[in-house]
Amino acid sequence: KNRYLALIRAILRKSEREWDWLKKAPTLKQYQEPKRRIRWITKDEARKLINSLPDLYADLVQFSLMTGLRQQNVLQLSWHQVNLDLKVAWVDPEDSKSGRAIGVPLNDSALSVLNKHKGRHDKYVFISERFNQPLKRISQKVWDAALDKSEINNLRWHDLRHTWASWLIQ
């Protein structure tokens, strides 16, 4: 509702200020929106989580924590999007939420994860050993078991992005 109101408000203001169709644009109040949930974990919690996951998932979590990439961008990461010599990866515009290319600097931890997966598949970085294909999604069963084992509550995969951003600020 608030997005529609913002559009209507913009049209009314333009009608008043630029087109001279209105003497005074009416005031439109927005609806109260719920507070957004921001959740992140400490480095100690991250270590516990990584240690409680199977190898592939542990690598995916570690890479996500070091790059801040969205889950699908990590799962679908291909070798043509990585330059180990320049220590950079990128998300192609058609694969990013914003529609713009995203450059991602790679630290030593992210590089070690990539080097561990080098040569396993000719196209994709992270693949399921069982199917020799990239994962389509993260198994909720595996994720929940790891959270229980590491005693972490209320954590979604997307919160790894919040963690990366929080660590970067800190």
Side-chain angles (χ1 to χ4, degrees), residues 2-3 30-121 124-131 133-170:
N2 283 337
R3 304 311 160 265
Q30 288 189 312
Y31 291 94
Q32 184 71 32
E33 292 190 29
K35 301 268 188 258
R36 294 186 136 207
R37 176 186 173 282
I38 303 292
R39 170 80 165 94
W40 58 276
I41 56 176
T42 64
K43 291 186 179 187
D44 186 49
E45 288 174 315
R47 268 189 290 282
K48 287 179 187 176
L49 177 60
I50 289 168
N51 290 335
S52 64
L53 286 163
D55 287 342
L56 176 59
Y57 279 66
D59 290 343
L60 290 167
V61 166
Q62 186 173 349
F63 191 77
S64 295
L65 287 169
M66 296 301 112
T67 61
L69 288 174
R70 286 183 161 73
Q71 183 183 101
Q72 281 306 306
N73 295 134
V74 174
L75 292 177
Q76 298 297 313
L77 187 69
S78 61
W79 287 110
H80 88 274
Q81 296 172 276
V82 176
N83 186 323
L84 295 173
D85 295 330
L86 295 177
K87 298 181 179 183
V88 68
W90 58 91
V91 176
D92 295 325
E94 60 272 9
D95 297 328
S96 77
K97 188 174 175 181
S98 68
R100 293 181 296 198
I102 301 169
V104 182
L106 301 172
N107 64 16
D108 290 340
S109 294
L111 287 169
S112 75
V113 170
L114 291 175
N115 282 322
K116 184 176 170 184
H117 288 266
K118 198 173 178 182
R120 291 187 181 181
H121 195 268
Y124 293 104
V125 175
F126 301 107
I127 58 153
S128 163
E129 297 284 331
R130 185 173 172 196
F131 301 110
Q133 295 276 341
L135 294 174
K136 301 253 187 276
R137 60 185 167 75
I138 300 300
S139 164
Q140 195 63 47
K141 187 176 179 180
V142 172
W143 182 251
D144 289 343
L147 291 178
D148 287 344
K149 187 175 179 183
S150 58
E151 299 176 340
I152 297 174
N153 298 317
N154 193 25
L155 187 74
R156 300 174 307 198
W157 189 278
H158 187 77
D159 296 329
L160 300 176
R161 268 177 73 82
H162 297 288
T163 300
W164 168 79
S166 296
W167 289 358
L168 193 62
I169 290 168
Q170 292 170 18

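What you see below is based on every heavy atom in this structure, not just the backbone, and it leaves out hydrogens, waters and symmetry mates.
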Do side-chain atoms of Trp167 reach the backbone of Ile41 as a donor and acceptor pair under 3.5 angstrom? yes
So does Pro93 get a backbone contact from the side chain of Arg100, meaning a donor-acceptor N/O pair under 3.5 Å? no
Does Asn83 use its side chain to pair, donor to acceptor, with the backbone of Val88 at less than 3.5 Å? no
Can you tell me how far the NZ atom of Lys43 sits from the NZ atom of Lys48, to the nearest 0.5 Å? 16.0 Å
Quick one: does Ile50's side chain get under 4.5 Å of Leu65's, heavy atoms only? yes
By salt bridge (Lys or Arg N to Asp or Glu O under 4.0 Å), Asp108 pairs with (sequence neighbours left out) none
N/O donor-acceptor pair under 3.5 Å between Asp92 side chain and Glu94 backbone: no
Minimum heavy-atom separation for Ser96 to Gly99, with atom names? OG-N, 3.0 Å
Side-chain (Asp95) to main-chain (Val91) donor-acceptor, under 3.5 angstrom: no
Set of side chain to side chain donor-acceptor pair (under 3.5 Å) partners for Lys116, sequence neighbours left out: Asp59
If you look at every heavy atom in Trp40 and Gln170, which pair is closest and at what distance? CH2-NE2, 3.1 Å
Decide yes or no on side-chain contact (heavy atoms from CB on, under 4.5 Å) for Arg39 and His162, but give the supporting numbers first. CA-CA 7 Å; Arg39 170 80 165 94; His162 297 288; 5.8 Å; no
How are the rings of His121 and Tyr124 set to each other: parallel, tilted or perpendicular (split at 30° and 60°)? tilted
When rounded to the nearest 0.5 Å, the distance separating OG of Ser64 from CG of Leu75 is 7.5 Å
Would you say Val125 and Phe63 make side-chain contact, with heavy atoms under 4.5 Å? no
For Trp90, is there any backbone N or O sitting under 3.5 Å from a side-chain donor or acceptor partner on Gln81? yes
Ignoring hydrogens, what is the shortest heavy-atom contact between Val113 and Phe126? Give both atom names and the distance. CG1-CE2, 3.6 Å
When you measure from the side chain of Gln62 to the backbone of Tyr57, do you find a donor-acceptor pair of N or O atoms at a distance under 3.5 Å? no
Do you know the tightest heavy-atom contact between Gln72 and Lys136? NE2-O, 3.1 Å
Hey, is CD on Gln32 packed in by over 12 heavy atoms from elsewhere, all under 6.0 Å? no
Checking Ile138 against Leu60 for the side-chain contact (heavy atoms from CB on, under 4.5 Å) test, could you report, in this order, the C-alpha distance in whole Å, the side-chain angles of both residues, the deciding distance, and whether it holds? CA-CA 10 Å; Ile138 300 300; Leu60 290 167; 4.0 Å; yes
Enter the distance from Ile127:CD1 to Glu129:CD here, rounded to the nearest 0.5 Å. 5.5 Å
Could you check whether the rings of Trp157 and Trp143 sit parallel, tilted or perpendicular, using 30° and 60° as the cut-offs? tilted
One should read off an interatomic distance between Gln71 CD and Leu135 CG, to the nearest 0.5 angstrom, of 9.0 Å
Tightest non-hydrogen contact, residues Val142 and Pro54, listed as CG1-CD, 3.7 Å
Has the side chain of Asn107 got a donor or acceptor atom that lies under 3.5 Å from a matching backbone atom of Ala110? yes
Atom pairs and distances, donor-acceptor, side-chain atoms in residues 145-155, under 3.5 Å, two or more places apart:
{"unit_1": "Ser150", "atom_1": "OG", "unit_2": "Ala146", "atom_2": "O", "d": "2.7"}
{"unit_1": "Ser150", "atom_1": "OG", "unit_2": "Leu147", "atom_2": "O", "d": "3.4"}
{"unit_1": "Asn154", "atom_1": "OD1", "unit_2": "Arg37", "atom_2": "NH2", "d": "3.2"}

Rounded to the nearest 0.5 Å, the CG atom of Leu84 sits from the CH2 atom of Trp79 at a distance of 6.0 Å
Rounding to 0.5 Å, atoms CG (Leu111) and CG (Asp85) come to a distance of 10.0 Å
